[in-house]
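Heads up: the structure comes next, in structure tokens.
Keep in mind that what you see is a predicted model, and the values were worked out from it rather than measured. Here is the naming used below: chain letters follow the sequence lines, and residue numbers restart at 1 for every chain.
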Amino acid sequence: MSPSAKSQAVGSPHITNREVAAELALVADLLQIVEANRFRVMAFQNAAEAVRTLGQDINILHAEGQLESIHGVGEAIAKAIAEMLETGQVQEFEKLKAEVPIGVVEMLHVPDVGPKTARRLWQELNVTSVDALREAAEAGKLRELKGFGAKSEQKILRGIELAARRSDDRIPLGEARPLAQSLVTSLRARLPERALQRLEVTGSLRRWRETIGDVDMLAVSDTPDAVMEAFRTLPQVESVLGSGGAKTSVVLTTGMRVDLLVVEAKQWGAALQYFTGNKEHNIEMREIALRQGWSLNEKSLTATGSGKAPEGEERFFEDEADLYAFLGLDWMPPEMRENRGEINLARRHQLPTLVTLGDIRGELHGHTTWSDGAADIAEMADAARGRGYAYWSVSDHSVGLGMVGGLDPERLQAQAAEIAKLNERWANQGEDFRLLRGCEVEVLADGTLGLPDEAMAALDVVVASIHSGLRQDRETITARCLKVVYNPHVDILGHPTGRIIGVRPPSELDVERVLHACAETGTVVEINAHPSRLDLNDVYARRAVELGCKIAINSDAHERAGMEMMEYGIATARRAWLRPQDVINTYPLEQMLGFLKDRRGPVQRA
DNA sequence: GCCGTTTTCGGCCCGACTGTTTTCAGTCG
């Protein structure tokens with residue numbers, strides 16, 4: 001049975017990975033509140049995270065009887081997931097939900113309210129919603145609880161306000177990076193150079209995660225108190241959540257939370273490691289250390305006495321690589337530190353060599369004033385040459401996209417003349433640069449394309465993208481997309497899911513099926529590098545390459561500066577473990593064109 | 001409830017900060 005047939009065979013309402021993950025996480029919360037065994041709680045949390053970051057449709061895994069192949073999903077949870085996918089709900093989970101008011105679970109999302117507090121509020125004060133919690137705190141009722149005082153009430157009120165204002169939205173990477181850089185600059189400006197020996201942004205920003213929950217920063221200083229004071233009083237800071245000699249947490253006027261940690265120079269390696277990996281990566285690292293007789297924290301390794309070193313012996317590392325090496329691991333790029341298998345590869349010295357910005361030799365998707373771009377062809381070409389590229393594809397919108405003056409075959413011909421003239425000039429000057437004839441062809445609602453086949457056949461590079469009808473149901477939009485992928489004239493599938501991070505959710509596209517089709521036809525899949533798109537995302541891009549697809553990383557620039565967004569696309573590719581050979585715009589021009597020619601098949605080659 | 005480069009049973013990461021405590025539990029990352 002073909003993979004596409006398999007996913008079609010799955011009956012019942014389609015339940016997504018995200019929904020399964022959310023349900024497992026909810027069960028973990030419920031279990032915490034009813035004071036279940038904490039390791040059982042952890043098992044549900046781990047399983048939720050594993051499903052959330054799964055690279056493929058869980059329905060397909062279920063159809064293949066492979067649910068237990070997910071690391072963190074064992075016999076019991078696999079059975080529950082199967083029940084959920086088949087019937088829409090799990091009997092055991094429903095019983096648990098009936099036991100605990102949903103408002104009590106919602107109280108967990110208020111900062112400083114954990115499972116113990118939520119349970120006591122519910123059982124001892126009969127508080128069963130966030131609203132009721134606010135009323136009780138305002139009325140001074142919380143201090144009736146043992147261990148609670150006026151300050152606890154204030155803290156909870158502030159937490160409710162914070163949670164309401166901040167919502168669950170994480171900040172897109174493209175907004176968070178400049179913000180974090182401005183903090184670094186401000187902090188440096190306020191302190192003498194010798195007071196701040198090192199300062200780096202860590203956490204999810206250093207891993208280039210597509211959205212950021214809060215900003216983590218790490219510093220080395222001999223005078224931590226002065227650093228903390230300077231940090232707390234930055235003009236961007238609205239309030240201080242907590243501040244000690246080692247760590248300070250603040251909330252900025254933008255609502256963003258920022259943590260700053262200060263360590264000694266000899267602790268830098270352990271601290272940078274600790275504050276870069278995600279939670280799962282770090283837990284794995286500490287377990288590895290433990291097995292070798294060392295306890296790992298954010299400052300050092302300390303011998304537990306179970307290994308060769310005498311108990312209490314401490315080891316320091318001035319940089320990360322030394323720490324990893326001490327534990328028998330290769331240094332891992334920050335983008336990989338998500339506990340998706342990188343630690344095992346590091347142990348076996350088999351980490352992939354990831355693609356870098358310097359590997360990129362050109363771009364295959366960008367716009368000019370011929371459609372909705374802000375710079376003309378010559379200006380965009382200059383920007384591309386300025387970045388050291390050997391080629392850049394002029395790929396303006398085709399007709400079919402209502403809002404912009406898209407190109408029809410006649411205008412494409414006229415554009416070709418301008419491109420030829422510019423190419424001739426560079427050839428005469430002996431410059432190693434070439435503009436390619438391309439187009440971003442509109443995919444219409446029924447899956448037909450904005451250009452006839454003959455017009456596409458004359459082009460060097462054809463990108464096909466969906467811009468409208470993104471809310472079509474799963475079957476419709478998937479069929480529409482498959483039609484495009486099977487068109488031999490289409491070289492690249494542009495921003496496949498159509499999402500805009502924080503604004504518009506991805507379409508319901510069955511990405512797994514589309515990627516199978518791309519692998520089969522040799523259709524290249526885009527990582528659109530714009531930080532509001534990053535489409536494909538890291539998880540899908542990794543899956544694409546696993547299935548045998550090639551990738552193109554494109555900034556989709558509409559003006560010269562747009563090309564600077566390439567670094568976000570590279571970061572996404574690195575998070576997907578992509579190597580230069582997986583990315584066709586790392587190839588030299590002739591090799592890249594040869595690849596496209598070969599995949600178009602014998603009709604076009606003739 | 002999950003898992004295995006010491007284990008199919010017996011473990012399961014680590015520490016800072018806070019508030020209300022006289023020694024610690026809860027929360028967070």
Side-chain angles (χ1 to χ4, degrees), chain A residues 24 27-28 31-32 35-50 67-81 92 107-121 142-143 145-156 158-159 162 202-204 213-216 218 224 228 240-249 257-263 267 270-271 273-302 304 306-307 327-329 339 343-344 347-348:
Chain A
L24 293 173
V27 170
L31 287 172
Q32 273 190 303
E35 297 182 313
N37 176 297
R38 65 191 181 97
F39 297 113
R40 191 169 168 230
V41 171
M42 209 186 298
F44 275 90
Q45 287 169 337
N46 287 339
E49 184 63 15
L67 286 177
E68 282 186 62
S69 70
I70 303 169
H71 189 87
V73 174
E75 195 183 339
I77 293 182
K79 221 176 120 203
I81 293 175
E92 189 197 338
M107 291 196 291
L108 289 181
H109 301 141
V110 175
D112 299 314
V113 176
K116 304 281 187 210
T117 307
R119 180 182 173 84
R120 292 190 57 204
L121 289 165
L142 298 191
R143 66 191 74 177
L145 286 178
K146 190 166 163 22
F148 276 72
K151 278 199 172 178
S152 316
E153 282 172 350
Q154 288 312 311
K155 207 160 98 168
I156 283 177
R158 193 175 60 169
L162 213 66
T202 61
S204 50
D214 53 33
V215 174
D216 294 306
L218 181 64
M228 294 310 190
V240 178
L241 295 175
S243 187
K247 186 181 167 188
T248 292
S249 301
R257 181 182 162 139
V258 186
D259 293 341
L260 173 67
L261 191 96
V262 180
V263 297
Q267 300 166 338
Q273 192 282 321
Y274 183 95
F275 282 96
T276 298
N278 76 348
K279 190 175 151 207
E280 289 75 19
H281 176 98
N282 286 347
I283 287 175
E284 185 77 24
M285 285 293 296
R286 281 172 230 146
E287 284 174 355
I288 284 174
L290 266 185
R291 285 201 287 272
Q292 297 177 31
W294 298 91
S295 170
L296 173 62
N297 65 21
E298 74 270 37
K299 293 180 176 134
S300 64
L301 286 173
T302 307
T304 60
S306 73
L327 295 173
L329 303 168
N339 197 29
I343 292 175
N344 268 332
R347 183 188 287 133
R348 299 199 300 263

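Both A:Arg38 and A:Lys299 lie near DNA chain B, and the one whose nearest nucleotide falls closer to the 5' end is A:Arg38. Both A:Thr248 and A:His71 sit near DNA chain B, but only A:His71 has its closest nucleotide nearer the 5' end.
When heavy atoms are screened at a 4.0 angstrom cut-off, A:Gly245 is found touching the sugar-phosphate backbone but no base atom. Among the protein residues, A:Val27 comes within range of no part of the nucleic acid, since none of its heavy atoms lies under 4.0 Å from any strand. Using a 4.0 Å heavy-atom cutoff across all strands shown, A:Val113 reaches sugar-phosphate atoms only and no base atom. Heavy atoms of A:Leu296 sit under 4.0 angstrom from primed sugar atoms or phosphate atoms, though from no base atom.
When the P atom is used for both B:dC14 and B:dT21, the distance is 31 Å, rounded to whole Å. The same atom, C1', is picked in B:dT23 and in B:dC17; the two are 16 Å apart, to the nearest Å. Separation of the C1' atoms belonging to B:dC24 and B:dT20 is 10 Å when rounded to the nearest angstrom. The separation of B:dT7 from B:dC12, taken at their P atoms, amounts to 16 Å, rounded to a whole angstrom. The gap from the P atom of B:dT6 to that of B:dG1 amounts to 27 Å, rounded to the nearest Å. Using P as the reference atom, B:dG11 and B:dA16 are 26 Å apart when rounded to the nearest Å.
Rounded to an integer number of Å, the gap from A:Leu121 CG to B:dG26 C1' is 13 Å. A:Arg120 has its CZ atom 10 Å from the C1' atom of B:dG26, to the nearest Å. A:Arg40 places its CZ atom 15 Å from the P atom of B:dC3, with the value rounded to the nearest Å. For A:Ile77 and B:dC3, the CD1 to P distance is 9 Å, given to the nearest whole Å. Here B:dG26 presents its C1' atom at 11 Å from CD1 of A:Ile156, a figure rounded to the nearest Å. For the pair A:Asn278 CG and B:dG29 P, the computed distance is 14 Å after rounding to whole Å. Taking atom CD of residue A:Glu284 and atom P of nucleotide B:dC2, one finds them 17 Å apart after rounding to whole Å. As rounded to whole Å, 14 Å separates atom P of B:dC3 from atom CD of A:Glu280.
Contact record, A:Asn297 with A:Ala270: O-CB, 4.0 Å, taken as the closest heavy-atom pair. Between A:Gly244 and A:Met228 the shortest heavy-atom distance is O-CG, 3.7 Å.
The base of B:dG29 is paired with the side chain of A:Tyr274 by a donor and an acceptor separated by under 3.5 Å.
Distance CG/A:Asn339 to CG/A:Asn344: 9.0 Å, rounded to 0.5 Å. Atom CZ of A:Arg143 is separated from atom CG of A:Leu145 by 11.5 Å, given to the nearest 0.5 angstrom. Here A:Leu301 contributes atom CG and A:Gln292 contributes atom CD; the two are 9.0 Å apart, rounded to the nearest 0.5 Å. Within the model, atoms CD of A:Glu68 and CD1 of A:Ile77 stand 10.5 Å from one another, a figure rounded to the nearest 0.5 Å. In this structure, A:Ile343 CD1 and A:Met285 CE are separated by 6.0 Å, a value rounded to the nearest 0.5 Å. One distance of note links CG of A:Leu261 with CG of A:Asp216; it measures 9.0 Å at 0.5 Å rounding.
Between A:Ser295 and B:dC14 there is a side-chain polar atom (N or O) within less than 4.0 angstrom of OP1 or OP2. A close approach under 4.0 Å does not occur between any side-chain nitrogen or oxygen of A:Asn46 and OP1 or OP2 of B:dC2. The shortest distance between the side-chain N/O atoms of A:Thr117 and the OP1/OP2 oxygens of B:dT27 is below 4.0 Å.
Within the 3.5 Å criterion, the main-chain N or O of A:Phe275 finds a donor-acceptor partner in the side chain of A:Thr202. At distances below 3.5 Å, not a single donor-acceptor pair connects side-chain atoms of A:Glu298 with backbone N or O atoms of A:Tyr274.
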For nucleotides 5-7 of chain B, print each protein N/O atom paired with a nucleotide N/O atom at under 3.5 Å, atom names and distance only.
none

Please tabulate, one pair per line, each protein N/O and nucleotide N/O from nucleotides 18-25 of chain B that are separated by under 3.5 Å, including the distance.
residue: B:dT18; atom: OP1; partner: A:Ser243; partner atom: N; Å: 3.0
residue: B:dG19; atom: O3'; partner: A:Ser152; partner atom: OG; Å: 3.2
residue: B:dT20; atom: OP1; partner: A:Gly149; partner atom: N; Å: 2.6
residue: B:dT20; atom: OP1; partner: A:Gly149; partner atom: O; Å: 3.4
residue: B:dT20; atom: OP1; partner: A:Ser152; partner atom: N; Å: 3.4
residue: B:dT20; atom: OP1; partner: A:Ser152; partner atom: OG; Å: 2.9

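Across all strands shown, B:dT8 forms no Watson-Crick or G-U wobble pair with both distances under 3.5 Å.
Nearest nucleotide to the A:Ala246 side chain, out of B:dC28, B:dA16, B:dG1: B:dA16. Comparing B:dC28, B:dG1, B:dA16 against the side chain of A:Asp112 picks out B:dC28 as the nearest.
Annotation: side chain to side chain donor-acceptor pair (under 3.5 Å) contacts involving residues 35-50 of chain A, sequence neighbours excluded, comprise A:Glu35-A:Arg119, A:Arg40-A:Glu92, A:Glu49-A:Arg52.
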